[in-house]
Amino acid sequence: MRGLIVKEPFASWIVEGRKIWEIRKSSTKIRGEVYIINKGFAIGKAELVDVLGPFTPEELKEHKEKHLAEYEFLKEYSNGKKLYAWVFKNPVKFDKPLEVIMPKGAQIWVNIRGFRE
């Protein structure tokens, strides 16, 4: 199973179903259910169903209700590059976060080897 590393508060917003677009600097061909990971813990999961874009920060400003990111954040994050919206559906927030056994140096995707008890 794959895990996607996401910073807070965005990670919680995805698994709560409030945030349906995760903004990234690249596209991905990965689709299907992924764990949402923050600080080494899977806090929930969601289905990655599509990738839209590329977008400019100005274009994404019109879709704030989907990604919940401030325009200034998007501008700084993009650093002049195009951005992509990774589209999530069917979020599930875990009652208790699961500690993930994962390789060192993971930055975006994690191939989850298991969970610590």
Side-chain angles (χ1 to χ4, degrees):
M1 178 62 86
R2 289 189 190 262
L4 177 65
I5 297 171
V6 183
K7 292 181 181 179
E8 286 294 2
F10 304 115
S12 290
W13 291 347
I14 290 170
V15 299
E16 291 166 358
R18 294 176 52 202
K19 177 180 167 70
I20 59 173
W21 285 11
E22 170 64 1
I23 305 303
R24 296 288 171 143
K25 293 179 191 173
S26 62
S27 184
T28 183
K29 293 182 190 283
I30 294 170
R31 299 291 183 276
E33 194 172 81
V34 297
Y35 286 94
I36 304 300
I37 298 174
N38 179 262
K39 295 185 178 175
F41 288 86
I43 63 167
K45 59 186 178 178
E47 187 180 353
L48 178 55
V49 296
D50 202 2
V51 175
L52 305 175
F55 295 104
T56 65
E58 291 74 21
E59 291 167 328
L60 285 171
K61 188 165 71 168
E62 304 302 317
H63 300 280
K64 185 178 178 192
E65 76 283 355
K66 295 175 183 160
H67 57 72
L68 305 178
E70 297 295 330
Y71 172 66
E72 289 303 318
F73 171 84
L74 293 171
K75 238 170 67 172
E76 186 176 316
Y77 176 68
S78 74
N79 196 22
K81 296 180 181 170
K82 298 281 189 173
L83 298 171
Y84 295 84
W86 295 13
V87 182
F88 286 96
K89 286 187 177 178
N90 305 317
V92 175
K93 183 176 182 179
F94 297 154
D95 291 332
K96 182 181 175 192
L98 305 171
E99 188 174 357
V100 177
I101 300 170
M102 55 191 231
K104 292 181 181 180
Q107 295 182 350
I108 298 174
W109 288 108
V110 176
N111 287 320
I112 297 175
R113 298 179 185 161
F115 300 101
R116 287 191 184 15
E117 293 292 324

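Source: prediction; values computed, not measured.
Relative orientation of the Trp13 and Phe10 rings is perpendicular, given thresholds of 30° and 60° on the angle between their planes.
A 6.0 Å sphere centred on CD of Glu8 holds more than 12 heavy atoms belonging to other residues, nucleotides or ligands. The 12-atom threshold is exceeded at NZ of Lys25, counting heavy atoms of other residues, nucleotides or ligands nearer than 6.0 Å.
With values rounded to the nearest 0.5 angstrom, Leu4 atom CG is found 6.5 Å from Ile14 atom CD1. With rounding to the nearest 0.5 Å, the separation of OH in Tyr77 from CD1 in Ile23 is 8.5 Å. Taking CD of Glu72 as the reference point, atom NZ of Lys61 lies at 9.0 Å (rounded to 0.5 Å). Atom-to-atom distance recorded for Lys39:NZ and Lys7:NZ is 10.0 Å, nearest 0.5 angstrom. Here the straight-line distance linking atom NZ of Lys93 with atom OG of Ser12 works out to 5.5 Å at 0.5 Å rounding. Once rounded to the nearest 0.5 Å, the distance linking CG of Leu68 with CD of Glu22 reads 10.5 Å.
Asn111 has its side chain within reach of Arg2: a pair of non-hydrogen atoms, C-beta onward, lies under 4.5 Å apart. For the pair Lys19/Lys66, no side-chain contact is recorded, criterion being any heavy-atom separation below 4.5 Å from C-beta on.
Under a 4.0 Å N-O distance rule, the pair Glu70/Lys64 qualifies as a salt bridge.
Hydrophobic cluster of Met102: the remaining members, joined at side-chain heavy-atom separations below 4.5 Å, are Met1, Ile5, Tyr35, Ile37, Val92, Phe94, Leu98, Val100, Val110, Ile112, Phe115, listed by chain and number.
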Starting from the C-alpha separation in whole Å, work towards a yes-or-no answer on side-chain contact (heavy atoms from CB on, under 4.5 Å) for Val51 and Lys29.
CA-CA 8 Å; Val51 175; Lys29 293 182 190 283; over 6 Å; no

Using the rule given for side-chain contact (heavy atoms from CB on, under 4.5 Å), can you reason through Thr28 versus Leu48, listing the C-alpha separation, both sets of side-chain angles and the distance that settles it, and then say yes or no?
CA-CA 10 Å; Thr28 183; Leu48 178 55; 3.9 Å; yes

Criterion side-chain contact (heavy atoms from CB on, under 4.5 Å) on Leu60 and Trp21, from CA distance to verdict
CA-CA 10 Å; Leu60 285 171; Trp21 285 11; 3.9 Å; yes

List the atom pairs, donor and acceptor, that lie under 3.5 Å between side-chain atoms in residues 79-90 and the rest of the protein, sequence neighbours left out.
from, atom 1, to, atom 2, distance (Å)
Trp86, NE1, Ser26, O, 2.9
Asn90, ND2, Glu47, OE1, 2.8

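Considering all non-hydrogen atoms of both residues, Ala11 and Asn38 come closest at CB-CB, 4.1 Å. Closest non-hydrogen pair, Leu74 versus Pro57, comes out as O-CG, 3.9 Å.
Cluster membership for Ile43 and Ile101, using ILVMFWY side-chain heavy atoms within less than 4.5 angstrom, is not shared. Hydrophobic clustering (ILVMFWY, side-chain heavy atoms < 4.5 Å, transitive): Val6 and Ile108 are in one cluster.
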